[in-house]
Structures are given as C-alpha cells and as structure tokens.
Undergrad: 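Here it is: the structure, laid out below.
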Amino acid sequence: MKKILLCSIAVLCGASLFAQVSFTNRSDLIENYSGSQSIAVDMNGDGFDDFVRVSETGIGIDYQQENGTFISTLYPMTIQNVPNWSVAAGDIDNNGYNDLVLGNGSRVSFLFANADGTAYTEQTHPEYIFSQRSNLVDIDNDGDLDAFVCHDVDESHPYRNDGNQNMVLDQNLIETLDLAGNYASLWVDYDNDGDTDMYLTKCRQGSTPGDPERTNAMYRNNGDGTYTEVAASINLADNAQSWTTIWQDFDNDGDFDAFCVNHDEKNRFYENDGSGIFTDIIGTTGIDETDLGAWENQGADFNNDGFIDILSEMSRELYINNGNMTFTGMDLPFDEGAIGDFNNDGYLDVAKGGFLWMNDGGSNRYIKIILKGIQSNPNGIGARIVISGDFGTQMREVRSGTGFSHMSSLTAHFGLGTSSGIDTIEIFWPSGIVDIIENPTISTQHVFIEGENQLAVTDFEINGISLYPNPTASEINFSLAGIEGTPVTVIDINGRTVLNTTVSANNNINVEALTTGVYFVQMEVENKSVSYKFVKK
C-alpha cells in the first residue's frame with residue numbers, strides 16, 4: 001500500500017463569516033491506482049462511498065470500511081475505452097450494483113457489474129464520439145437509467161436503456177442541436193415543474209464570439225417525452241466559451257441557481273427568480289468574474305453550515321458560501337476531484353488519482369440520504385429531496401455526472417449547522433411518488449425506499465377518484481361524488497402550502513390563481529389521506 005507523508009492544510013477565516021474548513025492528506029489509506037478520472041460511489045452496496053479509478057489494465061477500488069480503513073482491490077481486465085474525459089455511475093441493469101459509463105476521446109463504453117459486484121464486463125460502442133461530460137439519467141422516465149454523452153465535434157449522443165443490459169444509441173431520446181462544442185451536460189429541474197431538464201454548457205475551440213457552437217443551451221422537458229431549447233428566453237444563452245456549470249440552490253429559497261465558469265468575457269452567477277428566469281449577479285457575489293480558464297467546477301457544503309460552497313479550478317480553489325449570496329475565496333492544495341464522505345463522519349472529502357483529502361470536520365450537524373428506487377430508477381437519480389426545520393428549507397437533487405469529468409457521491413448530503421433537528425424530509429421521486437418522513441434522526445445516514453413513507457399514491461386513480469382536466473388552466477374536478485365541503489390543501493413541488501380550500505358543490509376546486517407548475521392536492525377521503533399530482537398551465 002502506498003505511504004505518503006501526512007500533511008494538513010487548514011484554512012482559517014473569520015468565524016463571523018463561516019465555519020472553519022480544513023483538509024488533511026490521508027493518501028496513506030489508499031492504493032495509488034491509475035486513472036485520469038476519479039469516482040466516489042458506493043460500489044458494493046454497503047452504504048459507504050468507495051474510491052474508484054479505471055485504467056487500461058483494470059478497475060481499482062478502495063472499499064471504505066466501517067472502521068475508517070479501506071480494502072483495496074484491483075480487478076484486472078483490458079479496458080478498451082479508458083475514460084480519459086469523464087465517467088458517471090449508476091445501477092443501469094438494476095442488479096443492486098453500480099455500473100459505469102466511460103467517456104473516451106473516441107468511443108463510449110459501459111462497464112457492467114456482475115450479479116455480486118465482484119467482476120465487470122465492458123460493453124463497447126463502435127460509433128465515433130469525442131466525449132466530454134457523461135451522465136446517467138432516466139431521460140424518458142420509464143424507470144431505468146439512460147445515458148447522455150457530450151460530443152466535442154458533433155451532436156451529442158443519448159443512449160437508451162432497453163432493459164436488457166443494452167445501451168442503444170438513439171438520437172430521438174432527446175433531440176439536441178446538431179452542433180459541436182458540447183462540453184458539460186447537467187440534468188436539473190430548473191423550472192420546478194416536476195420533471196428533469198438539461199443544461200448544456202458549450203465551448204468550441206477556434207470559434208469567435210457569436211458562433212452558435214459556443215452558445216449554452218437549456219433543454220426544457222415538456223413532460224411528454226420531448227424537449228425544447230429555451231436558453232435565450234430565460235437569460236442563459238451564454239456565448240463566452242463555458243466549461244462547466246454548477247446547479248444548486250445557493251440561497252435556500254426553493255429554486256436552483258447556477259454558477260458557470262468561462263474562458264472568454266467573464267464568469268457568470270445566475271440567480272433564479274423562482275419562475276425559471278435568471279439574472280447574472282456575479283458582480284455582487286465576491287467571486288472574481290475575470291478569473292477565467294477553469295475546467296472543473298462543483299458544489300457541495302464542505303463546512304456543514306447549510307449552504308452550498310464552490311470547489312473550482314479558479315485561482316482561489318474554494319469559495320465558501322456566506323449564506324447571503326456572497327462567497328469568500330480560500331486557497332487549497334487541490335482544486336478538483338470526486339466528492340464523497342470517505343470516513344462516514346458527515347463531512348465531505350475529495351479524492352483524485354492517488355490523493356485522498358479528508359475533511360477535518362467540525363461541530364456542525366448533518367444528515368445523509370441514500371435513495372432506493374422501485375418505480376423510479378434504482379439510485380433515485382433525478383429525485384428531489386427537500387428538508388425543513390428551524391433552519392428553513394434546503395433541497396438537493398440526486399445526479400450522476402456533475403462538474404467536468406469526475407463522478408461524485410450519489411448520497412444526498414445536507415449540512416445543518418447548529419440546528420437540533422429536522423421537521424420533515426420530502427422526497428419527490430421521478431415516478432411522481434412523494435415520500436414524507438417526519439422528525440428523522442440527524443447526524444447519521446438514512447436509506448429511504450421509494451413508496452415506504454407515502455401519504456398516498458400519486459398521479460393515478462385511487463378508490464375510484466380521478467382528477468380532470470390535467471393539465472388545467474382554472475379548475476380541478478373530482479370524479480367521486482359526495483365529497484362536497486371536503487378540505488383540500490394544495491402544495492407546490494417544494495412542499496410549501498399555496499392554497500387551502502374546500503371542494504365546491506360542483507365537485508371541484510378553483511386553481512386559476514396559481515402560477516404555472518406542478519402541484520399536489522392533499523385531502524382525506526373515507527378516512528384515508530390521499531395525494532394527487534396535477535399540472536397548472
């Protein structure tokens with residue numbers, strides 16, 4: 001096992017601004033496996049993030065143990081398409097073990113784990129693709145994971161999961177513009193309508209300002225299996241040679257904002273106004289807008305204060321979120337890697353190549369959540385998790401493939417600061433099912449299985465009741481007679497109550513005043529609490 005002299009890097013800043021952050025090099029705990037891209041994912045299903053690298057000679061995995069050590073295992077095999085550009089992870093074939101998509105400079109491969117996770121098989125694809133960012137995501141929302149791989153010199157490649165451990169190139173899965181310069185795709189529900197959209201960060205070598213091949217794109221999910229490019233209409237059509245974009249709720253106001261690093265003009269920080277329209281506020285954030293040229297760009301709460309920080313290849317490697325949409329830059333001995341919790345202490349660490357940077361932690365509390373999909377994909381990728389308490393609300397989405405190249409943990413992590421508890425966890429699954437957990441234990445990790453904590457089944461008939469029309473512009477009608485006067489609560493996708501009313505004599509409720517989006521009707525019928533999803537046009 002490789003031994004490296006320990007060193008500690010402590011970053012001390014004013015306590016009035018943020019909690020201290022420091023990391024210690026614990027590379028002595030791992031093997032120095034080769035691999036240009038790093039992976040922080042639980043590969044054997046024990047609930048602990050493992051450290052994975054893939055090279056021409058095989059797959060090296062440092063399996064995290066409960067006692068804080070690692071068991072290092074090399075799976076020798078000839079890898080045809082080494083992931084020299086990007087890698088993403090998820091359980092593609094639903095066998096309980098995570099698989100990998102490898103983004104290579106000329107081809108794409110999929111590495112499938114066998115039935116007990118002790119061997120891997122590479123499925124290669126013959127078509128040429130100069131891969132950049134790759135993702136695993138349920139593009140068609142049929143319950144299994146598809147793949148999307150950015151193409152530097154041509155139209156990007158979507159791969160449909162046929163359910164039989166086959167990933168089939170299918171350009172109709174999501175139709176993107178037939179242009180080069182596709183660098184980093186990120187799947188996010190930017191408009192809070194309950195389905196996953198895709199932001200495409202673009203750069204084209206040798207192009208000049210105004211060239212459409214370098215204009216960032218937002219593909220809005222129309223909810224019917226089609227996508228529409230809308231970046232210009234929501235102020236996200238940046239033409240400044242972008243590399244990667246972080247999508248997080250930086251101000252904890254219930255919508256996702258975006259930080260984009262550029263190689264031309266200036267960096268951007270887009271604040272979401274709540275309706276899916278964005279304003280660049282980079283000038284007031286404290287982030288150097290002229291600090292250009294970064295590749296990697298990721299977001300995570302490193303000090304567990306409840307606000308998402310930024311780890312990036314800028315001249316200040318870590319920008320700590322002050323909680324008011326301003327950030328304070330700090331210097332670190334590293335500027336990229338796979339983010340995960342490698343000692344299960346609730347504080348996020350960073351690993352890259354032969355290096356493991358352990359977060360020294362602190363006194364702030366946390367909660368970690370692992371999702372197990374049943375109707376949705378096995379990892380719950382695309383699910384939104386909202387927690388509420390005396391701290392307000394926070395939300396995360398489970399995503400496979402963020403930043404430019406590495407693969408970070410599929411475990412949702414929330415810092416809680418000094419808060420003593422959480423009132424509710426709401427999980428909005430891709431299937432439409434909503435699970436609600438009350439008063440969970442904090443400073444620990446939970447595993448939640450889809451449907452085990454429902455108030456009711458959503459988005460289909462229950463006890464003979466159906467809602468119509470759906471989508472609706474003004475009224476929701478109920479098919480079950482005799483429920484006049486029944487109290488009804490309408491909540492939005494973030495779990496906030498937006499309407500309290502009763503069923504009218506005409507067996508309906510009026511929702512005309514609601515803004516466009518996805519909502520849930522909650523009511524009690526025949527001593528059963530039920531919930532229904534509807535779309536307001």
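We're numbering straight along the sequence, starting at 1.
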Undergrad: Cationic tip of R396 within the cone over F414's six-membered ring, i.e. under 6.0 Å and within 45° of the normal?
TA: yes

Undergrad: On a heavy-atom basis, which atom in I385 and which in A412 lie closest, and how many Å separate them?
TA: CD1-CB, 3.6 Å

Undergrad: If you measure from CD1 on I425 to CD1 on I369, what distance do you get to the nearest 0.5 Å?
TA: 4.0 Å

Undergrad: Roughly how far, to the nearest 0.5 Å, is the CG atom of D193 from the CG atom of D492?
TA: 12.5 Å

Undergrad: Just say parallel, tilted or perpendicular for the rings of Y159 and H157, cut-offs at 30° and 60°.
TA: perpendicular

Undergrad: Which heavy atom of P430 sits nearest to which heavy atom of I381, and what is that distance?
TA: CG-O, 3.6 Å

Undergrad: Side chains of Q298 and S408: is there a donor and an acceptor less than 3.5 Å apart?
TA: yes

Undergrad: Consider only side-chain N and O atoms of S400 and N135, and report whether a donor and an acceptor are under 3.5 Å apart.
TA: no

Undergrad: In a check of side chain to side chain contact (heavy atoms under 4.5 Å, CB included) between V52 and each of D62, D42, I61, which one passes?
TA: I61

Undergrad: Test of understanding: with salt bridge (Lys or Arg N to Asp or Glu O under 4.0 Å), list the residues that count as partners of R204, not counting sequence neighbours.
TA: D152, E213

Undergrad: Think R399 forms a cation-pi with Y199, using NZ or CZ under 6.0 Å from the six-ring centre and within 45 degrees of its axis?
TA: no

Undergrad: Applying ring-ring contact (aromatic ring centres under 6.0 Å, His included), run through F520 and F428 and close with a yes or a no.
TA: CA-CA 11 Å; F520 298 86; F428 298 87; 5.7 Å; yes

Undergrad: Does D195 pair with R220 as a salt bridge, N-O distance under 4.0 Å?
TA: no

Undergrad: Y190 vs F256, test: ring-ring contact (aromatic ring centres under 6.0 Å, His included). Steps then yes/no.
TA: CA-CA 6 Å; Y190 83 92; F256 287 113; over 10 Å; no

Undergrad: Just checking, is any N or O donor in the side chain of D251 or N272 under 3.5 Å from an acceptor N or O on the other one?
TA: no

Undergrad: Roughly how far apart are D91 CG and F112 CZ, rounded to 0.5 Å?
TA: 10.0 Å

Undergrad: Between the side chain of N297 and the main-chain N/O of E313, is any donor-acceptor distance below 3.5 Å?
TA: no

Undergrad: Could you pull out the closest heavy-atom pair between K536 and T515, with the gap in Å?
TA: CG-O, 3.4 Å

Undergrad: Measuring from atom CG of L371 to atom CD of E450, what distance do you get when rounded to the nearest 0.5 angstrom?
TA: 9.0 Å

Undergrad: Parallel, tilted or perpendicular, judged at 30° and 60°: which one describes the rings of W295 and W243?
TA: parallel

Undergrad: Give the intermediate values and the outcome of side chain to side chain donor-acceptor pair (under 3.5 Å) for residues N216 and T201.
TA: CA-CA 5 Å; N216 295 348; T201 309; 5.0 Å; no

Undergrad: What's the verdict on side-chain contact (heavy atoms from CB on, under 4.5 Å) for Q132 and F130, showing C-alpha distance, side-chain angles and the deciding distance?
TA: CA-CA 7 Å; Q132 300 293 323; F130 186 177; 3.6 Å; yes

Undergrad: Take atom CD of E127 as the centre, draw a 6.0 Å sphere, and report whether it contains more than 12 heavy atoms from other residues, nucleotides or ligands.
TA: yes

Undergrad: Would you kindly say whether T124 and Q80 are connected by a side-chain donor-acceptor distance under 3.5 Å?
TA: no

Undergrad: Check whether any side-chain heavy atom of N94 lies under 4.5 Å from a side-chain heavy atom of D144, and answer yes or no.
TA: no

Undergrad: In terms of side-chain heavy atoms, does H406 have a donor or acceptor partner in E336 at a distance below 3.5 Å?
TA: yes

Undergrad: Identify the heavy atoms of P469 and N477 that sit nearest to each other, and give their distance.
TA: CD-ND2, 3.7 Å

Undergrad: State the OG-CG distance between S233 and N235, to the nearest 0.5 angstrom.
TA: 8.0 Å

Undergrad: Do I174 and F148 have side chains that approach each other closer than 4.5 Å (heavy atoms only, starting at C-beta)?
TA: yes

Undergrad: Do you see a donor-acceptor pair shorter than 3.5 Å between the side chains of N304 and H413?
TA: yes

Undergrad: Quick check on E56: does its CD atom have over 12 non-hydrogen neighbours (other residues, nucleotides or ligands) under 6.0 Å away?
TA: no

Undergrad: Run T424 and E438 through side chain to side chain donor-acceptor pair (under 3.5 Å) and show every step you take.
TA: CA-CA 4 Å; T424 59; E438 296 182 345; over 6 Å; no

Undergrad: How about N221 and T196: does a side-chain donor come under 3.5 Å of a side-chain acceptor?
TA: no

Undergrad: Judged by modelled atom types alone, do D93 and Q165 share a side-chain donor-acceptor pair under 3.5 Å?
TA: yes

Undergrad: Check this for me: does any side-chain nitrogen of one of R160 and D146 sit under 4.0 Å from a carboxylate oxygen of the other?
TA: no

Undergrad: Will you find, in the side chains of K372 and N379, an N or O donor that is under 3.5 Å from an N or O acceptor?
TA: no

Undergrad: Are the side chain of R133 and the backbone of T402 linked by a donor-acceptor contact shorter than 3.5 Å?
TA: yes

Undergrad: Kindly compute the distance separating CG (D189) from CH2 (W247), expressed to the nearest 0.5 Å.
TA: 10.5 Å

Undergrad: Among side-chain atoms of N84 and S36, is any donor-acceptor pair under 3.5 angstrom?
TA: no

Undergrad: Quick test of your reading: applying ring pair (Phe, Tyr, Trp, His ring centres under 6.0 Å), list the pairs with at least one residue in residues 86-109, sequence neighbours left out, ordered by first then second residue.
TA: none

Undergrad: Whether the R384 and N192 side chains hold a donor-acceptor pair (N or O, under 3.5 Å, no angle test) is what I'd like checked.
TA: yes

Undergrad: For a quick check under 3.5 Å, do Q37 and S405 share a side-chain donor-acceptor pair by atom type?
TA: yes

Undergrad: Tell me if the aromatic rings of F269 and F250 count as close, with their centers under 6.0 Å from one another.
TA: yes

Undergrad: Taking atom types as modelled and ignoring hydrogens, do the side chains of N239 and T215 form a donor-acceptor contact shorter than 3.5 angstrom?
TA: yes

Undergrad: Please give me the minimum heavy-atom distance between S156 and T176, naming the atom from each residue.
TA: N-OG1, 4.3 Å

Undergrad: Find out whether K202 and L179 are in side-chain contact, i.e. whether some heavy atom of one side chain is under 4.5 Å from a heavy atom of the other.
TA: yes

